[in-house]
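Here is the structure we will look at, set down as structure tokens.
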Amino acid sequence: MSDDAANKARDYRDTLFLPQTDFPMRAGLPKKEPQILERWAEMNLYRRLREEAKDRKPFVLHDGPPYANGHLHMGHALNKVLKDIVVRSRQMGGFDANYVPGWDCHGLPIEWKVEEAFRGQGRKKADVPPSEFRTACREYAQKWVGIQSDEFRRLGIEGDWDDPYTTMAYDAEATICAEFMKFAASGQVYRGSKPVMWSPVEQTALAEAEIEYHEHTSTTIWVRFGFREAPKGLEGAEVVIWTTTPWTIPGNRAVCYGPGLSYGLYEIQEVRGDLDFDPWTKPGQRLVLADALADEVKAAGFVERWRRVEDVPTAKLKGAVLDHPLKGFAGGYEFAVPLLSGDHVTDDAGTGFVHTAPSHGQEDYFVWIEHGLSLENVPYTVDETGAYTDEAPGFTGERVFVTEGKKTGRDGGANKAVVAELLKRDALLARGRLAHSYPHSWRSKAPVLYRNTPQWFIRMGRVGDGGLRDKALKAISETAFYPASGQNRIRTMVEGRPDWLVSRQRAWGVPITLFVGKDGEPLVDEAVNRRILKAIRERGADAWFDTDKSVFLGDAHDPADYEKVEDILDVWFDSGSTHAFVVENRKDLTWPADLYLEGSDQHRGWFQSSLLEACGTRGRAPYEAVLTHGFVLDPQGRKMSKSLGNVLLPEEITRKYGADILRIWAASADYSEDMRIGDEIIGSAVDAYRKLRNTLRYLLAALDGYDAGEAVPYGELPDLEAYVLHRLNAVDAEVRAAYEAYDFKAAWRALTEFASQDLSAFHFDVRKDTLYCDAPASKERRAARFVMHETFERLVRWLAPICPFTAEEAFLVRHPEEAESGSVHLQLFLDTDENWRDDALAARWSRIRAVRRVVTGALEVERREKRIGASLEAAVLVHASDPETRKALAKHDLAELFITSGAAVTEGTAPAEAFRLSEVPDVAVEVRKAPGRKCARCWKVLEEVRPPEELCARCHEVVEA
RNA sequence: GGGCCGGUAGCUCAGCCGGUUAGAGCGCACGCCUGAUAAGCGUGAGGUCGGAAGUUCGAGUCUUCCUCGGCCCA
């Protein structure tokens, strides 16, 4: 038997102090996380968090309510995870960060679903009593609140899940009414009118989302408008408009021209004679048209020859007034029709002049308002069935569309009647037909129309008048935005937005609890309001609809004098009031909230509705700061959609990988932009998780049996341990600052880079020898363990907001005494001794680590050449020409740091073949085989190792002891 | 069409007030170790910084235009 064989026979493995832990390398998160959740529920972690923090300064992140409809998608998950990271990091940072989740429960999508359900039972909405319908909506919303609640909790979101808020709670509904009453009482509410998309078949207003576009063939007409008083040079000329909706002509109140277009005056010289009918155009007619469209009009009007008389500058059109083409008919069209400038007028199609009926089009309406014209002059020309009212004199009763029977959706008599009358009055230039995309109701599939209806508005005011708009703009300037660009974005929107249209003709929502007097003004009476609110608080919104108005009006008002408003509030007003019924009303929260955190679409949504609501009632924003995040996209940066088949659900990720993985994804990406997610990206999160988990595992294993008595005073620590404490101090500052600034990816980066570079690849690697081989009582080993202990306690806390499950698991393995009722989430971030900071020490160590990189590079060359395998087979000679470097290297056991069996430093000139790295110019390294024999216990190659024991002096001593 | 935002290695991100050969982590390739082992360590290959023009001695960094993508509007 050779000596080598004898060596192998002697195994010193059980004389080593190897790391040991129950913390498994493989997490099994999909199984483990639900168990941890169960434990948190059993110990009532949420309550414990509140009790623990009851004397601390509150930090209120107010939850923007998701809509209680459908399973969670990735956007929900991202949003709630970000919120949870904020809440947990603030709680651990020393605040009482109470989080109350909530849901938005009213509104159209739920109505649709419930309607659908009734239809499934063969019942039309009209046949269902309103209170039964609302009850069904309530039950539907409640069902989804429960489902989403479970789904959110599975993601590890901590909060008051036992007592969340909903916008449909009776108390919430009452507060929402009360908030609206404040607007009414302060004169900020008015009844105006506005064209809305209306389905004459279903006799209801439609939201944008209820509209689909289909091809529809419309009758088109070119109509001539004469001047009431012609501008100079335009005597006898007429302005020509083109429209696809002749029935809107009785509603015409203006004609718009494009301020940037070029117009000309055209005189017809000859009409076509080759036709078997007489064109309506006549020689001698003088028409004003956009030059770009003149040829089209010429063809449409069968004009053979005309001449362009002259330019018509828009300055000449400005302020001009036309006659209505039906002037003189039925005595109803005698009013002036102004020519208005409108940016929406283009020369793509038509004539360059746009017939403007403020009752029947959004743009028409806005142009009218922008020119400061009164809504009193805007007629209600059609009723809810699409039939002309007597505000369309001469046409009363004619319908725009057929609303019943086989021909539903076809043209009613309105177009025909109008065309006939125009023709009779010689106001038509031509007519035609056009197949084009036209809005239809997605329920009845019948065409819809724009119809002027009375609506309630909250007045914004104009910039500078001290109204709601000014208050909101001031509040915006006093709010912090993350990222800062959000401030600009919402400011632009608030500056330009129209008055807030708050009424809806719907069933499922909070009623507009107003009585309107004969003067059209809402009644403001505290006593009446108290009765209304009491009823709603007790019986919900139904109370408003179910109760006779005399009950609310009491003795002071005659019910005959008041109209009860049957509209409901825009759901944005509901959610805009959450700050009132949640943040302000709940005793466990404080107003204003410290933070609102939502997707960037909420600049127009919740951030704004909350802002306007609070500014209108309290004069300031309901939040101190606003944080926005982007949208979740697929790996190619496209939005997720069913049709693209690229939808990835949070549930799939928690099922396959675990919530901590999803949370890592959310924390490590830049939420200020849109975020991509897919297999590869999740794979990165999984890899990062594994690395970090193993670092934690190594710490737990190395700290097996660690006792606080092993601690070594700072002054007696080896330089390496002092350096690690310095790094702890630095990383602690970095991580805390990052959390504070809501920069989670910076926190994550600091944390993972520290774990992987400073710990795993450096401190652990260097200290393995000490840990495994030194006597347990040795100061170096105790120092290493002490520092690892300090490291673990910090690392696990820094990690807790991002990976609450894994942090908890590791914490409990380390602290079995907490197994009963403890939690890492009840801990605070640990204060880190400022004395640990030592910049001079850190500077020395960055030199040392640079030298170490040269050494590992040199060892790699030897490995390539097959001269060594393990680094312990080598001894290195470091040539350092810079005295500072030599100074940094002095006093250190360099072999230990390089994990070689020998190391020496010299200032002598290095031979040419010595290894160098360009980025470390003053250092060169020579590698030799370490002389001596391999210690059978610590595997160092040393000359002191001798048979038969085959141990080095240190190991001999430890084994003997 | 308008407002706002963004496009840096395969992926996720750094890159301060413009200043030497653009960095990190992960992944990948190769190697070592086998006493963190479905782990650990090391080495290496990857980028004309979306494109073009301009300002400047000098631009990933400033300006303009274009392009692609996102959100919100029209």
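Lettering of chains follows the sequences in order, A, B, ..., and the numbering in each one begins at 1. Just so it is clear, the values below take in all heavy atoms, side chains as well, and ignore hydrogens, waters and symmetry mates.
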*Euclidean distance for P, C28(B) against C11(B) (whole angstrom)*: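 Per the computed distance, 15 Å lies between those P atoms.
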*Take atom C1' in C41(B) and the same atom in G35(B), then report the distance between them in whole Å.*
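Between the two C1' atoms, the distance is 14 Å.
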Mind checking [X] for me? I need base, sugar-phosphate or nothing, with any heavy atom below 4.0 Å counting as a touch.
X	value
Phe631(A)	sugar-phosphate
Arg604(A)	sugar-phosphate
Ile681(A)	sugar-phosphate
Gly869(A)	sugar-phosphate
Thr492(A)	sugar-phosphate

Looking at [N], I'd like to know if its phosphate oxygens (OP1 or OP2) sit under 4.0 Å from a side-chain N or O belonging to [X].
X	N	answer
Lys691(A)	G40(B)	yes
Lys745(A)	A24(B)	no
Ser760(A)	C41(B)	yes

*Is the number of heavy atoms from other residues, nucleotides or ligands within 6.0 Å of NZ (Lys639(A)) greater than 12?*
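No, not enclosed.
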*With a cut-off of 6.0 Å (strictly less than), are more than 12 heavy atoms of other residues, nucleotides or ligands near CD of Glu957(A)?*
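Incorrect, the count does not exceed 12.
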If you only use heavy atoms from C-beta on, which nucleotide in [options] is closest to the side chain of [X]?
X	options	result
Ala669(A)	G40(B), U12(B), U43(B)	U12(B)
Leu633(A)	A14(B), G70(B), G42(B)	G70(B)
Lys866(A)	C71(B), A36(B), G31(B)	G31(B)
Met25(A)	A38(B), C13(B), C32(B)	A38(B)
Leu18(A)	G35(B), A38(B), G40(B)	G35(B)
Tyr772(A)	A36(B), A24(B), C30(B)	A36(B)
Ser756(A)	A36(B), G25(B), G42(B)	G25(B)

*Nearest nucleotide by nearest heavy atom, which residue falls closer to the 5' end of RNA chain B, Ala761(A) or Ala870(A)?*
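The 5'-side residue here is Ala870(A).
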*On RNA chain B, check which nucleotide each of Thr695(A) and Gly486(A) is closest to and give me the residue with the more 5' one.*
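Checking each residue's closest nucleotide, the 5'-ward one belongs to Gly486(A).
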_According to salt bridge (charged side-chain N to carboxylate O under 4.0 Å, His left out), does anything in residues 917-927 of chain A pair up with another residue at least two apart or in another chain? List the pairs._
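Pairs touching residues 917-927 of chain A that pass the test: Glu926(A)-Arg928(A).
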*Check whether the side chains of Trp606(A) and Asp104(A) place a donor and an acceptor atom closer than 3.5 Å, and report yes or no.*
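No, Asp104(A) and Trp606(A) have no side-chain donor paired with an acceptor closer than 3.5 Å.
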*Would you say the side chains of His629(A) and Asn79(A) form a donor-acceptor pair under 3.5 Å?*
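Yes, side-chain donor-acceptor contact under 3.5 Å.
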*Paired with U48(B): which nucleotide, if any, by Watson-Crick or G-U wobble criteria at under 3.5 Å for both distances?*
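When the pairing criteria are applied, nothing turns out to pair with U48(B), so the answer is none.
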*Rounding to a whole Å, what distance do you find between Arg489(A):CZ and C71(B):C1'?*
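The answer, rounded to whole Å, is 5 Å.
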*Compare the aromatic ring of Trp939(A) with the six-membered base ring of G35(B) and state whether they stack according to the 5.5 Å and 30° rule.*
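Stacking between Trp939(A) and G35(B): present.
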*Does the ring of Tyr772(A) carry Arg937(A) above it, NZ/CZ under 6.0 angstrom from centre and within 45° of its axis?*
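The answer is no, since Arg937(A) fails at least one limit relative to Tyr772(A).
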